[in-house]
Number of protein chains: 2
Amino acid sequence: MDSFFSHFTLKVNPSIYLKDPETSKLGKRIIEGSINLIDAFGFDNFTFKKLADEIDSTESSIYRYFENKHKLLLYLTSWYWAWLESHLLYNIINVEDNKEQLKRAIRILTKKVEEDGSFSHINEIKLNQIIITESSKSYMHKDVDVENKEGAFLGYKSIVAKVAEIIIVINPKYKYPNMLISTIIEGAHHQRFFQDHLPRLSNNYKDEDTVSDFYAEMVLKVIG
Amino acid sequence: MDSFFSHFTLKVNPSIYLKDPETSKLGKRIIEGSINLIDAFGFDNFTFKKLADEIDSTESSIYRYFENKHKLLLYLTSWYWAWLESHLLYNIINVEDNKEQLKRAIRILTKKVEEDGSFSHINEIKLNQIIITESSKSYMHKDVDVENKEGAFLGYKSIVAKVAEIIIVINPKYKYPNMLISTIIEGAHHQRFFQDHLPRLSNNYKDEDTVSDFYAEMVLKVIG
DNA sequence: TTGTTATGATAGTACCGCTATTATATTTGC
DNA sequence: GCAAATATAATAGCGGTACTATCATAACAA
């Protein structure tokens, strides 16, 4: 799988950055360093000053890549959705049965990322952790409509649409495919967080991937 | 219903505040003003300085009630869960049938609050809007474990536990009652936000409360 | 009316978010 | 190999945020 993914770079909507971080060494250090810092200390405690110190650069240099730290978070989430969609496609491309396609899709949307892979400067395990705890901050704010118009959430919409399509093939009468998919994506993030920090809001059983099992079961029951 | 709720005050865990805002006029102005400002401009743009100006008081006075703005958000969310649980109990207390209890509970957890009620200084419609867009910020941060130990999330846990109990009565074998309930609570918030701002992540149909219908159907199908 | 408590007024500090300017590398084209 | 173009670094500064501290005054209760 590594060889399949390691020879191209994932596309992120250019409205998100001032200068594409993929095009320079500093850009890659910015992405790598920000993932380390946000994962370690949380997005709220993250500043460009701290990032500059971390990667031995300066605030002003970082500001040439991203307008502000919020745009950087948008970049990380967009990259993540593009990355996840490429995995999704790779995993269902040769599968005939639609139900099997759907099952695999649910697993990919809800599983915890446990192995780092193909992109040298991006640690996908840490990025997945960041998505779980911080991704809702990328759209739950007052500027969401402006950023949405600029295309900041196309990656998220795209993966939701792809899986919703599979549902429609299986059950053309089902009324809420998009709600169902975004519910399990957001739900999986929340449940992983709850299991770590607020366990009474969730249920967990040893030796099971409870989150993934729960949502897989849910989708099949709900679409009938 | 007004008369039922208007004669007592809702309990919020004292670890959240330095001084109980229910015990003074200034305290009530702080709560009322913060709801207005956060609803209008978002929690990220909210500061104690702006609140002080809004209610004709001072930063230092507000700091005597709350350690910081995050604690104030915790207060609002805790109050909301206590308020919602009191509504829940009121609405199912004389209902015999467990399935009917559950249906009513789902409606209460997922519906949009459309009428302001009993507590003079708290606008419940605006508070519901705040919960939809800001409540995840009350726990999705690095201090969640400390605050959890202090009891900051007992209200949320309590309402989840109450509804999970009903599910267990209906289907004692169901493995994931808490996951299911917290999924529909968070899901309903997200879907309401998506329908307003990122509609392609959701589905909506005129003259229906799509969010509520979707989750009501989901719960019944999932628990079998 | 006297003490107690609540609120207001003011000042100050460290950090954040961001802009601007100038200097120094590094890369690219000839 | 050198000049021009571009990228990065260094430094300064400004207005705002998130507090903390102190002192003055208002309200209220014994």
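Model, not experiment: these values are computed from the prediction. Sequence lines set the chain letters: A, B, ... in the order given, protein chains first and strands last, and positions in each chain run from 1.
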Are any side-chain N or O atoms of [X] and backbone N or O atoms of [Y], one a donor and one an acceptor, separated by less than 3.5 Å?
{"X": "A/N204", "Y": "A/P199", "value": "no"}
{"X": "B/T133", "Y": "B/Q129", "value": "yes"}
{"X": "B/Y215", "Y": "B/G187", "value": "yes"}
{"X": "A/H190", "Y": "A/E186", "value": "yes"}

Indicate whether OP1 or OP2 belonging to [N] is found under 4.0 Å from a side-chain N or O atom of [X].
{"X": "A/K69", "N": "C/dC16", "result": "no"}
{"X": "A/K50", "N": "C/dC16", "result": "yes"}
{"X": "B/K19", "N": "C/dT7", "result": "yes"}
{"X": "A/K25", "N": "D/dA7", "result": "no"}

Which nucleotide sits closest to the side chain of B/T47: C/dC18, D/dA9, D/dT17?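 The answer is D/dT17, which lies nearest to the side chain.
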Which heavy-atom pair separates B/G33 from B/I55 by the least distance, and what is that distance?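 What the structure gives for the nearest pair is CA-CG2, 3.9 Å.
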List in numerical order all residues of residues 133-149 of chain A for which some heavy atom is under 4.0 Å away from an atom belonging to DNA chain C.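 Contacting residues: none.
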In residues 51-67 of chain A, which ones come under 4.0 Å of DNA chain C, going by heavy atoms?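 A/E59, A/S60, A/Y63 - these, ordered by number, are the residues of the stretch whose heavy atoms sit under 4.0 Å from the strand.
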For atom CZ of B/R107, is the number of surrounding heavy atoms from other residues, nucleotides or ligands below 6.0 Å larger than 12?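 Enclosed: over 12 neighbouring heavy atoms sit under 6.0 Å from CZ of B/R107.
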Earlier contact from the 5' end, DNA chain C, for A/N45 and B/G27: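 Comparing both residues, the 5'-ward one is B/G27.
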Verify whether one side chain among A/E147 and B/H197 offers a donor that lies under 3.5 Å from an acceptor in the other.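 No, no side-chain donor-acceptor pair sits under 3.5 Å.
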Donor-acceptor pairs under 3.5 angstrom involving side-chain atoms of residues 38-46 of chain B: please list them, not counting sequence neighbours.
from, atom 1, to, atom 2, distance (Å)
B/N45, ND2, B/F41, O, 2.8

